[in-house]
2 protein chains.
Amino acid sequence: MKPKIEDVAKLAGVSPTTVSRVLNNRGYISDKTRDKVQQAMNELNYFPNDVARTLFNKRSNLIGLILPTTANPFFGELTFHIENICASLGYKVLLCNSLNQVDKEEKYLEMLLRNQVDGIIVGTHNRGILDYHKQGLAVVAIDRYLSETIPVVSSDNYDGGKTATELLIHNQCQCIVLIDGIGELETPARLRRKAYMDLMEQHRQTPIIYEIAEVFEQNSYIPILNDLFTEHPEVDGVFATNDLFAAALWNEAKKRNKSIKVVGYDGTETLRTLLPELTTIKQPIKSLAEAAIDILIKEIEEELPDLPLETKLPIKLIKGTTA
Amino acid sequence: MKPKIEDVAKLAGVSPTTVSRVLNNRGYISDKTRDKVQQAMNELNYFPNDVARTLFNKRSNLIGLILPTTANPFFGELTFHIENICASLGYKVLLCNSLNQVDKEEKYLEMLLRNQVDGIIVGTHNRGILDYHKQGLAVVAIDRYLSETIPVVSSDNYDGGKTATELLIHNQCQCIVLIDGIGELETPARLRRKAYMDLMEQHRQTPIIYEIAEVFEQNSYIPILNDLFTEHPEVDGVFATNDLFAAALWNEAKKRNKSIKVVGYDGTETLRTLLPELTTIKQPIKSLAEAAIDILIKEIEEELPDLPLETKLPIKLIKGTTA
DNA sequence: ATTTTTATGTCAACCCGTTGACATATGAAA
DNA sequence: TTTCATATGTCAACGGGTTGACATAAAAAT
């Protein structure tokens, strides 16, 4: 069986308390004893049982991460950065792919609570979260409003939407269509649409919006894009609120030999390797991760943290050839 | 503070043991009592502390997942499927992005052991794993040989390499180059190269190999691709052992107005949305996840599991326009 | 020579939930 | 009436590590 402190103590010829003192750097320990203990630990391949420690300390150093799916490169990259930063700070990540399904989100939330996570990073609309936050759980949201008290980190969505739309207008586009996710929720990302609407109004153009469910399945885009081309054959500019939509449209347009200006949103490394010609609004993914973790850890570790309820990070226009 | 069993018991007017009996469906409980207890749990927002349960039961239902990075869409999708299947089976996933760095792998491994994971899925070359497996930890590898006793799940890499190379030959390519990761390790994925070599020999062509470090950073590809085009301007066919390499090459070739046939490997959903024209060998990612978990859970749950040491799943040629 | 500091041991309580042993009390079946 | 299945309670030990209290002893400082 797995060795425990007692075994280490026996082998090192000391008391369990002394081993614990070595492990936690508490009280007085001579170098000689420390070495003996460490050697015994090596010999036995001993590693402290973090479950037992968590139980006593009431700190798991576990962070729950709930997002739609790591299969989407934006979340894949975000997840990478979040986990990476967490690891460097001694936190561990419990991953949850909710696919934006409320029932799954609730199950995941309960799972995380049962596992005594110290905090949760949410990149999906998690209704339930609200209650639990009141119960003292640290929560931070990425691009989602969960409640008035939960800090939100996001890219400057309005500026992104504005930059994208302005670029298309500047490109002399006469019929600019917005392709967006389904618009039931009031998220910060919705500001991309808001900016588009505002700009269109300013330039006396009619906004045209197509919505695609973000189910992250190939070909789910196709029928809606077909509608777009049928109903608006004159389309000559598209702002898609994420790069997958943008790429799907771009490829459909190519098939149809349509000359359309396209701007996407996200600007992942993956996109820039696979489809560098796509002009897009790049989110500072690593910075988003850093900001979210910074806030979450403040919530976890500080008594009366002074939290920024809204953190907006600058976007960057990546010029490809599509606009 | 968080409610515990005792609080539930008090509110429900029963003993802690009875609450535990309700939670674990043990012994006799009347419907009336069960309801009372359940209601008390709801009222208090009580969730059992899985840390305490784990400590007692010696089962955490935690699975460690170690892979290079979820920022790579192949691993992003694999991660999604693994986590998803695990969740449906009552397992939770602790995520580790090792970036293929041995020191990180070792730290992650120790972390997972401390956290009493029931098993580990490894998609990276984790030298240390070997030892721990001997100590009775369930381990399964994806596309890596870790030791003689650790089951490996992979796509049929040889068939994939063969199919890709054959296609290029069939396309009348005269100078077929292989772009591969750096070849220090003997991995199943290396069979893609083996197949290429074999085919080239069979057709009396000279194999030409360029190696790119899989650091997953854009532009790390560029200098090596430059070399390729300078040293072999006659190249007219390329088999890249992953789609990111393939896409990078494809885009560089377009820049140079070179007409080259290209075949990639992986065939993620992301690729097929972003760059559907790329011809590629599609790995059955979901099936890989299923097979790996199936084996791992057998290791965890069965006394004397009869494990397939090598599981090869069929690949599929996805015909785009690049070959 | 005396006080302090350093070093280690013993012991018990605690973290939260689980489980087995045992007692007790119904109501139902034999 | 006796027996048995059902229902619940009490109690203690356990899982592995942590921590505070207290005791003891040697080495260092005064």
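Letters go in sequence order (proteins before strands), and every chain restarts at 1. Atom set for the values below is all heavy atoms of this structure, side chains included, hydrogens, waters and symmetry mates excluded.
- Nearest-nucleotide mapping onto DNA chain D: of F56(A) and V19(B), the residue sitting toward the 5' end is V19(B).
- One can place CG of L44(A) at 15 Å from C1' of dG16(D), the figure rounded to the nearest angstrom.
- E6(A) places its CD atom 14 Å from the C1' atom of dC11(C), with the value rounded to the nearest Å.
- V51(B) comes within 4.0 angstrom of nothing in the nucleic acid, heavy atoms only.
- Residue Y28(B) places at least one side-chain N or O closer than 4.0 Å to OP1 or OP2 of dT6(D).
- Salt-bridge annotation for K107(B) and D103(B): absent, with no side-chain N of the basic residue lying under 4.0 Å from a carboxylate O of the acidic one.
- At dG17(C), none of the side-chain N or O atoms of S20(B) fall inside 4.0 Å of OP1 or OP2 (strictly under the cut-off).
- Side-chain N/O atoms of R26(A) and base N/O atoms of dG20(D) include no donor-acceptor pair closer than 3.5 Å.
- Taking atom CZ of residue R34(A) and atom P of nucleotide dT6(C), one finds them 13 Å apart after rounding to whole Å.
- Residue S30(B) is in sugar-phosphate contact alone, with no base atom involved, counting any heavy-atom pair closer than 4.0 Å across all strands shown.
- In this structure the side chain of V122(A) never reaches within 4.5 angstrom of the side chain of Y108(A), judged on heavy atoms.
- The side chain of K58(B) contributes no N or O atom lying less than 4.0 Å from OP1 or OP2 of dG15(D).
- The side chain of N49(A) places no N or O atom within less than 4.0 Å of a non-bridging phosphate oxygen (OP1 or OP2) of dG17(D).
- Atom NZ of K10(B) is separated from atom P of dG9(D) by 14 Å (rounded to the nearest Å).
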Please step through side-chain hydrogen bond (donor to acceptor under 3.5 Å, both in side chains) for the pair T79(A) and T70(A), ending with a clear verdict. CA-CA 7 Å; T79(A) 298; T70(A) 54; 5.9 Å; no
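- Residue side chain T54(A) does not reach the base of dC15(C) through any donor-acceptor N/O pair under 3.5 Å, judged by distance alone.
- Of the candidate nucleotides dT19(C), dG9(C), dT8(D), dG9(C) has the atom nearest to the side chain of S15(A).
- Both P48(B) and G27(A) lie near DNA chain C, and the one whose nearest nucleotide falls closer to the 5' end is G27(A).
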When you look at T54(A) and Q116(A), which way does the side-chain hydrogen bond (donor to acceptor under 3.5 Å, both in side chains) test go after all the steps? CA-CA 8 Å; T54(A) 295; Q116(A) 313 300 116; over 6 Å; no
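- Atoms CG (N57(A)) and P (dA13(C)) sit 20 Å apart, rounded to a whole Å.
- Looking at T33(B) and S30(B), their side chains do bring a donor and an acceptor atom within 3.5 Å of each other.
- Between the C1' atom of dT18(C) and the CG atom of L55(A) lies a distance of 13 Å, rounded to the nearest Å.
- Within a heavy-atom distance below 4.0 Å of DNA chain D, no residue of residues 35-42 of chain A is found.
- Contact between T124(B) and S98(B) at its shortest, heavy atoms only, is OG1-OG, 3.3 Å.
- Taking atom CZ on R59(B) and atom C1' on dC14(D), their separation rounds to 19 Å, with Å as the unit.
- A close approach under 4.0 Å does occur between a side-chain nitrogen or oxygen of Y46(B) and OP1 or OP2 of dG17(C).
- Within 3.5 Å, no donor on the side chain of R53(B) pairs with an acceptor on the base of dG15(D), nor the reverse.
- With K104(A) contributing its side chain and C96(A) its backbone, the two residues share no donor-acceptor pair below 3.5 Å.
- The backbone N or O of K32(B) lies less than 3.5 Å from no partner atom in the side chain of D35(B), so there is not a single donor-acceptor pair.
- Both K4(A) and P16(B) lie close to DNA chain D; mapped to their nearest nucleotides by heavy-atom distance, the more 5′-ward contact belongs to P16(B).
- Distance, K2(B) NZ to dC16(C) P: 9 Å, rounded to whole Å.
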